[in-house]
Amino acid sequence: MPRAGQQAREDEGGLEDRISVGVLARAFPRGLVDEVIDSAGARERRRRVLPAWLTLYFTLALALFTDRGAARVMRKLAGVLAWAQRGVTVAVPSEEALSNARSRLGAEPLRLLFLKVAGFVAAPGAAGAWWRGLRLVSLDGTTLDARDEQANWQRFGGPSTRTADGRRLRGAFPQVRLVALAECGTRALVAAVHGASGTGEKTLARELLGKLGEGMLCLADRNFACWELWHDAASTGAQLLWRIGASFTLPADEILPDGTYLSRLKAPRKLRKDGAADITVRVVEYRLEDARGNVTETFTLITTLLDPAAAPARELAELYRARWEIETALGSLKAQMKGPGVVLRSKTPDGVIQEVWALLCACHAVRELISAAAALAAEDPPRICLVSALDVVRGPVGNAGSFSPSPG
């Protein structure tokens, strides 16, 4: 039994801890956690100090506190459960026990959990999330640094350079490549895939096309522009507005009244043999100027929206700025959720993959909280700073607590 003074300190000083753990419990109810554990076949086969359900919450908590040791994070979780389950106590497990519990759990329950909860959070017609009845989504990618371990290098690879004598030197850390689909207006990541650093973003993006559909407008940078990916993305029924690089030849087949023109995205020669045909696109060109009127950058966009009356060129040019929503979302995932310069803590590839899914889940929980707060205050979600939300969710690490992780 805990001492009376200790229990009082937990009751009086653990509010911040309860908020942080409560955010996870709200986004990922115990019933859902048990469901994904059973679906993944990760349920423990004998009674353990750290059962699978508690290990999963612990792994999510690690994603909220990436710059803190596992034992400190577990104390936070322990303090809340000691408050919630009065009078049932046990010592906080060792770092080794915590690591072993994560290994037993594996990555699959976290992956299934993200698939279950990730989705659109903006209300129909919400400002910034919709345009002319179309839901705005954005596609982009990034990389996450993993621990400098040989197993991680072998699984994920990473950046490298060549010396003057031709020797290849690898970079500081192996990297996981992540490609995600974000909801514009809320910056919620609604779908994500990952792979080795050498896997191209176009290759990974194909795995996300199933999330596109009618009633959406997908924005993407020039890194994704190619005939194959455009064809497959447009086949989902979603409308597309992508930037395209200067290497593409876009003949002006028909000049439209607003100055845009219809052109053709040429099918690759290797695909023409199988009957692939050119795809008609509408081209929107515009320039950015500084205060003196000097051109600073020229943009060329292609779109499936061929009617200038239904999709005015000026609106499309202004709309493309919404693509930066995913830049901000992924930047926040790296610099604020994970922390600048903080590498994923796992020494093994399986642990790294588990961390990536946990980080995505934790990010979803915080974005969901921001969207709920924005709706309550009648504000746009992007106006609520993620850093401020994280300050509320994280709070100070609580005092050490003792608890029984058993559901009973």
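One-based numbering along the sequence shown. No experiment lies behind these values; they were computed from the predicted model shown.
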inquiry  = Within the 3.5 Å criterion, strictly below it, is a donor on Asp258 or Thr260 matched to an acceptor on the partner's side chain?
reply    = yes
ask   = Taking the six-membered ring of Phe120 as reference, does the NZ or CZ atom of Arg135 fall below 6.0 Å from its centre and within a 45° cone about the axis?
value = yes
key: Note, Met74 side chain near Leu54 side chain (heavy atom, < 4.5 Å)   = yes
request  = Return yes when atom CD of Glu96 has more than 12 non-hydrogen atoms of other residues, nucleotides or ligands closer than 6.0 Å, and no otherwise.
outcome  = no
task = Describe, in one word, how the ring planes of Phe299 and Tyr286 are oriented to each other, choosing from parallel (under 30°), tilted (30 to 60°) and perpendicular (over 60°).
result = parallel
query = Can a salt bridge be assigned to the pair Arg367 and Glu183 using a cut-off of 4.0 Å between side-chain N and carboxylate O?
reply = no
key: Side chain to side chain, Phe173 and Asn152, heavy atoms closer than 4.5 Å   = no
request  = State, with a plain yes or no, whether a side-chain heavy atom of Leu113 is found less than 4.5 Å away from one of Leu60.
outcome  = yes
query = Is it the case that more than 12 heavy atoms not belonging to Arg314 sit under 6.0 Å from its CZ atom?
reply = no
key: Any side-chain heavy-atom pair of Phe156 and Ser197 under 4.5 Å   = no
key: Salt-bridge contact Arg155-Asp350 (side-chain N to carboxylate O under 4.0 Å)   = yes
query = For the residue pair Tyr57 and Trp53, does the interplanar ring angle fall in the parallel (under 30°), tilted (30 to 60°) or perpendicular (over 60°) class?
reply = perpendicular
Residue pair Thr199 / Arg177, side-chain donor-acceptor N/O under 3.5 Å = no
task = Flag the pair Glu228 / Arg206 as yes when at least one side-chain heavy-atom distance between them is below 4.5 Å, and no otherwise.
result = yes
key: Note, Val179 side chain near Thr203 side chain (heavy atom, < 4.5 Å)   = no
